[in-house]
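Counting from 1, the numbers follow the sequence of the chain as shown.
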Amino acid sequence: MRAALLTLALASGASLAQAPAPAISETQFRSHIKALASDAMEGRAPGTAGERDAVNYVQQQFIAMGLKPGNPDGTYVQRVPLRHRIPATRFSYRIGNMEKTLAPLDDYVAQSTGPSPKASVKNSELVFVGYGVVAPEYGWDDYKDVDVRGKTIVMLINDPPVADASLFRGKAMTYYGRWTYKYEIARKKGAAAALIVHEDGPAGYPYSVVRSSFGTENFSLVRSGDDPDAPEVPGWIRLDKAKEMMSAAGLDFDMLKQQALGKDFRPVSLKGTASFEIESKERVIDSHNVVGLIEGSDPVLKKELVVYSAHWDHLGVDETPPRKIYYGALDNASGVAAMLEVARAFRGQARPKRSVLFIATTAEERGLLGARYYAAHPLYPLKDTVADINFDGINAWGRTGSIENVTSGHSTLDDLLVKYAALQGRQVAPDSRPELGSFYRADQLEFARVGVPVLYTKARSGYIGKPEGYAEKVVNHYYSQDYHKTGDAYRDDWDFSGGMQDVQLLFQVGYDLAAGSPRPVWKRSSEFAQ
């Protein structure tokens, strides 16, 4: 029987030893959130005094805990060069004899992505390309053989919500639904500009989030040549304004949207042209990832690393009177607080065999840029990076009977999560809101894209002792009222009892890996398996 159990454990990738379950200090956890989401941090925007103070805070915490510098150069930071732009934009379109100029921010947002802070697109043909997806594995091509080079394309957000569950994973969003993908394929197709039609439901957030996240300032990694991830002018347009545009062309938005649900959809001319003028104030800044290391104890395994990540940045300050601070308390001071308390928990245990690297990333809110930079310029070989466990928003509404695995089905990390959730008397549930595409909206994506197995969880369902509909009420309220708004500020009445369980759970998963359990591997069904 013992031999059979050993074989089963090894086959499942689970370790025979059980990771310790130290209590996570809610007092310390809250103190981190209060500090990072304080007025003094001014919303922690990259390249500001808020960055300086946030980076210093995390670094000092690492030092106080006895973590070694995570950068082999002997420092606690990794420099991340960013291009910062504040765009002034003009967008107009002409259909027939009618010319319409839209109001920046209120009606649309746009930016320039090339090496020059100026961008000009004149009289570019307008074309509707459905969902803007090219997915050969599903036999799907929204572009067909239509040449969109030099044109302005208009597309819908998210995946096509088709009835066939074998396409695009049914309700769950794939990467094809992410705005980053839509700009990437627009670039590959040679479009001059790309506008995504914003809809609250499919996007998972109101237009105000687009306005605050993309409209006032933009960041990109400093690279040679043009940014390869977007056309010259990427942007968003409000739903009502897109409908007006299509109506001017004698077309019905709802009918076009319905047509876009078929594989036989072909791009539709909007019978007009678009023009953009963008002139941005630009500066190049050095932002920073903050890195702390616990070196492994095993002479051989210590070269391998378990990574914990959480982004320290948020949206900064809106100086338009009255001055407003985007505090980013849950998103993501709480994630950084969780990572720091996991580091403290590691320091209270026997040093594990593998090393553990803690990374507080920059510019996640600007397109996962800090994580993307690390993935392209890793401080330690990616082949030796065992896993990334990412924190982004901690449950603030009470205990749950389950933990949602956003990254479920991708790697054998699933098995460890099930093991330690069971020890808490909890179950592992699938993502309750897969249509939001949370997998593709947080830093773990950049690790997955370079082959590192990842784990990212949420607790937004199955609340214990709460009335029916409670989960939808608190989660929907947060995303509609506080997310990426000034309302995401620290609150004394948050109930972190469930959040502390979640943090302890992810500590145990990481400690099990660091203690020497078999390396997680990708499942064949994952798009990251190759």
Side-chain angles (χ1 to χ4, degrees), residues 87-112 119-133 141-158 160-161 177 179 182-183 185-187 189-203 206-211 214-215 230-262 264-279:
T89 68
R90 185 180 188 277
F91 165 45
S92 63
Y93 64 86
R94 177 181 292 275
I95 296 176
N97 294 323
M98 183 204 73
E99 183 170 5
K100 178 82 170 179
T101 299
L102 275 66
L105 299 183
D106 290 339
D107 298 340
Y108 75 97
V109 298
Q111 57 181 291
S112 59
S120 179
V121 175
K122 295 185 181 296
N123 301 320
S124 169
E125 182 182 346
L126 277 162
V127 181
F128 174 67
V129 295
Y131 287 86
V133 171
D141 183 357
D142 281 332
Y143 291 86
K144 299 297 189 290
D145 56 354
V146 176
D147 186 356
V148 297
R149 285 178 293 179
K151 299 178 182 179
T152 294
I153 60 175
V154 180
M155 64 187 101
L156 303 170
I157 189 61
N158 216 322
W179 57 266
K182 294 177 186 291
Y183 292 149
I185 192 66
R187 169 78 182 193
K189 293 292 184 179
L195 292 174
I196 298 173
V197 179
H198 180 270
E199 294 184 79
D200 288 7
Y207 178 78
S208 59
V209 172
V210 172
R211 176 175 177 148
F214 300 94
E232 184 177 8
V233 177
W236 295 72
I237 184 170
R238 284 178 55 135
L239 175 60
D240 57 337
K241 299 304 174 181
K243 287 183 174 181
E244 286 180 8
M245 178 190 295
M246 294 175 186
S247 179
L251 300 168
D252 180 77
F253 173 84
D254 294 324
M255 186 175 295
L256 286 176
K257 186 175 179 179
Q258 184 63 36
Q259 292 173 5
L261 294 179
D264 57 351
F265 170 82
R266 292 179 60 82
V268 177
S269 172
L270 296 182
K271 306 174 184 178
T273 60
S275 297
F276 296 86
E277 293 292 338
I278 299 177
E279 186 165 353

Name the orientation class of the two ring planes belonging to F91 and Y93 (parallel below 30°, tilted from 30 to 60°, perpendicular beyond 60°).
-> tilted

Below 4.5 Å, heavy atoms only, C-beta onward: do E99 and N97 meet side chain to side chain?
-> no

Contact check, side chains of Y108 and K241, non-hydrogen atoms, under 4.5 Å | no

Close side-chain approach of P161 to Y131, heavy-atom, < 4.5 Å | yes

Would you say I153 and K189 make side-chain contact, with heavy atoms under 4.5 Å?
-> no

Keeping the roles fixed (side chain from K182, backbone from L156), state whether a donor-acceptor pair exists under 3.5 Å.
-> yes

Between D252 and K257, is any pair of side-chain heavy atoms under 4.5 Å apart?
-> no

Here the pair of heavy atoms bringing V233 nearest to A119 is CG2-CB, 4.1 Å

Please round to the nearest 0.5 Å and tell me the distance separating atom NZ of K100 and atom CD1 of I95.
-> 11.0 Å

From CZ (F253) to CG (L239), nearest 0.5 Å | 5.0 Å

Could you check if a side-chain atom of P104 sits within less than 4.5 angstrom of a side-chain atom of R90, using non-hydrogen atoms only?
-> no

Is atom CE of M255 surrounded by more than 12 heavy atoms (other residues, nucleotides or ligands) closer than 6.0 Å?
-> no

Under 3.5 Å, side chain of T89 to main-chain N/O of I278, donor-acceptor pair present?
-> no

Would you please test E277 and S120 for side-chain hydrogen bond (donor to acceptor under 3.5 Å, both in side chains) and show each step?
-> CA-CA 5 Å; E277 293 292 338; S120 179; 2.8 Å; yes

Are any non-hydrogen side-chain atoms of Y207 and D240 less than 4.5 angstrom apart?
-> no

Donor-acceptor pair, D107 side chain versus L102 backbone, under 3.5 Å?
-> no

Applying ring pair (Phe, Tyr, Trp, His ring centres under 6.0 Å), run through F265 and F128 and close with a yes or a no.
-> CA-CA 11 Å; F265 170 82; F128 174 67; 5.8 Å; yes

Rounded to the nearest 0.5 Å, what's the gap from NZ on K144 to CG on D264? Could you check?
-> 6.5 Å

Side-chain touch V154/V197, heavy atoms, less than 4.5 angstrom = yes

